[in-house]
Amino acid sequence: MKYKIEKNTVQETLILPLYSRKLCTELYQNLYRDETAVHLIDQIDYDFSQAEKNSRSLMQRFGALEVAMRQNDLAFEVQAYLKTHPCAAVVNLGCGLDNTGRACDNGNCKIYNLDFPDVIALRQQLLPAGEREQNIPCDLKDPAWFDKIDASGGAVFFASGVFYYFLTQQVKALVQGMADVFPGGVLVFDAANRTAVKMIAKTWLRTAKIKDVGAYFAVSDAKSELSLWDSRLQVSSRGYMMGYNDLKDPSVSGFFRFLAKVGDNGMKMQIVKIGFGDRQ
């Protein structure tokens, strides 16, 4: 039996990124694999005809490459942390229907998937929590969720495509709160500069009738800008299109490699890593 997804609901906003990850898997097989996305798309009763039509466009295919690289980069950082903290908490902030936590499972870590209650309700239907895993309904901006994370073995938090929807002050408050509660932990997320955030925000800001795009979180030089937030933060960043992979795979055209360089260098599309130092 297939799980029916209605049009024009919050559920739909989760399906399109899922479809994009399936598309990545088909287009860039040597670079990216998300078997969960492929499997889930088969389990869902939804009209994908518009998404399939859009997927033929050049920019949609480049968008799929962006998604693939971002997910790979975040998984790389999670796995790197687990090498030194094998029993850590792996925390997916704003998880949607993403299964990166389970994909990085080393057999010892604890996996937490956090999102709004309606999102988690759908996730429980399609991706019920496995062993050593919890799906937690919450508002990321409310630090009440901190108490639900067992960080006794360390903690690595990651957010994919999430902080573009936060005001800068909200990200700062969240990071400072996490630094208090999770010393020795790491937060990794994707970010971009003001120009890129305006492009990302164009459609949803119009819908939300929000005028002040400038208040939304954007970063050009992560180390110099975010280190000022708190003396305990150890900040670094890498380009998220080519900072982890040279994209010389035959499935990636020269034009897409050019666009990837523009993204990393011109738009400052980056993976930011923040280490939380010990309390001072």
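Numbering of residues begins at 1 and proceeds along the displayed sequence.
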Flag for Tyr32-Asp34: side-chain donor and acceptor within less than 3.5 Å | yes

Exercise. Can you check whether Leu167 reaches Gln170 side chain to side chain, under 4.5 Å on heavy atoms?
Worked result: yes

Which is it for Phe62 and Phe256 under the ring-ring contact (aromatic ring centres under 6.0 Å, His included) test, yes or no, and what are the steps along the way?
-> CA-CA 7 Å; Phe62 181 70; Phe256 277 9; 5.3 Å; yes

**Request:** Check the side chains of Gln124 and Asn135 for a donor-acceptor pair under 3.5 angstrom, ignoring hydrogens and angles.
**Result:** yes

Is atom NZ of Lys273 surrounded by more than 12 heavy atoms (other residues, nucleotides or ligands) closer than 6.0 Å?
no

- Message: Using the rule given for side chain to side chain donor-acceptor pair (under 3.5 Å), can you reason through Gln71 versus Ser160, listing the C-alpha separation, both sets of side-chain angles and the distance that settles it, and then say yes or no?
- Response: CA-CA 7 Å; Gln71 298 309 113; Ser160 175; 2.5 Å; yes

| Is there a side-chain contact between Leu226 and Val175, using heavy atoms and a 4.5 Å cut-off? | no

Is the shortest side-chain heavy-atom distance between Gln270 and Asp190 below 4.5 Å? no

| query | Would you call Arg132 and Asp105 a salt bridge, taking side-chain N to carboxylate O under 4.0 Å as the test? | reply | yes

- Counting distance only, does the side-chain N/O of Asn193 pair as donor-acceptor with the main-chain N or O of Gly266 below 3.5 Å? yes

By ring pair (Phe, Tyr, Trp, His ring centres under 6.0 Å), Tyr112 pairs with (sequence neighbours left out) none

Take Phe163 and Phe189, measure what ring-ring contact (aromatic ring centres under 6.0 Å, His included) needs, and give me the verdict at the end. CA-CA 8 Å; Phe163 290 152; Phe189 58 91; 5.1 Å; yes

Applying side-chain hydrogen bond (donor to acceptor under 3.5 Å, both in side chains) to Glu66 and not counting sequence neighbours gives none

message: For the NZ atom on Lys141, are there more than 12 heavy atoms of other groups (residues, nucleotides or ligands in this structure) within a distance under 6.0 Å?
response: yes

Practice task
State, yes or no, whether a side-chain contact exists between Val186 and Phe157 at a heavy-atom distance under 4.5 Å.
Solution key: no

(message) I'd like to know if the side chain of Asp221 pairs up with that of Ser224 as donor and acceptor (distance under 3.5 Å, no hydrogens or angles considered).
(response) yes

Taking the inter-plane angle between the rings of Phe258 and Phe255 on a 0 to 90° scale, is it parallel (under 30°), tilted (30 to 60°) or perpendicular (over 60°)? parallel

- Task: Determine whether Val162 and Ile120 fall in the same hydrophobic cluster, where Ile, Leu, Val, Met, Phe, Trp and Tyr are linked whenever their side-chain heavy atoms lie under 4.5 Å apart.
- Result: no

With no hydrogens and no angle check, is any side-chain donor or acceptor of Arg232 less than 3.5 Å from a backbone partner on Gly277? no

Do Leu187 and Phe276 come close enough that some side-chain heavy atom pair is under 4.5 Å?
yes

Item to complete: Please confirm whether the backbone N or O of Pro17 pairs with a side-chain atom of Ser20, one donor and one acceptor, at under 3.5 Å?
Response: no

Which of Asp115, Asp98, Thr100 passes side chain to side chain donor-acceptor pair (under 3.5 Å) with Asn92? Answer is Asp98

Report the C-alpha separation of Asp180 and Gln176 in whole Å, then their side-chain angles, then the decisive distance to 0.1 Å, and conclude whether the side chain to side chain donor-acceptor pair (under 3.5 Å) test is met. CA-CA 6 Å; Asp180 286 337; Gln176 288 175 323; over 6 Å; no

**Message:** Using modelled atom types and a 3.5 Å cut-off, is there a donor and acceptor pairing between side-chain atoms of Asn106 and backbone atoms of Cys109?
**Reply:** yes

Q | Student check: side-chain heavy atoms of Leu14 and Leu122 closer than 4.5 Å | A | yes

Checklist entry - Does the side chain of Glu133 pick up a donor-acceptor pair with the side chain of Asn113 at under 3.5 Å? => result yes

Leu233 vs Ser227 side-chain heavy atoms within contact, under 4.5 Å: no

Do Val171 and Trp229 come within less than 4.5 Å of each other through their side chains, counting heavy atoms only?
yes

Checklist entry - Tyr19 and Phe48: aromatic ring centres closer than 6.0 Å? => result yes

What class does the angle between the rings of Trp145 and Phe182 fall in, given that below 30° is parallel, 30 to 60° is tilted and above 60° is perpendicular? parallel

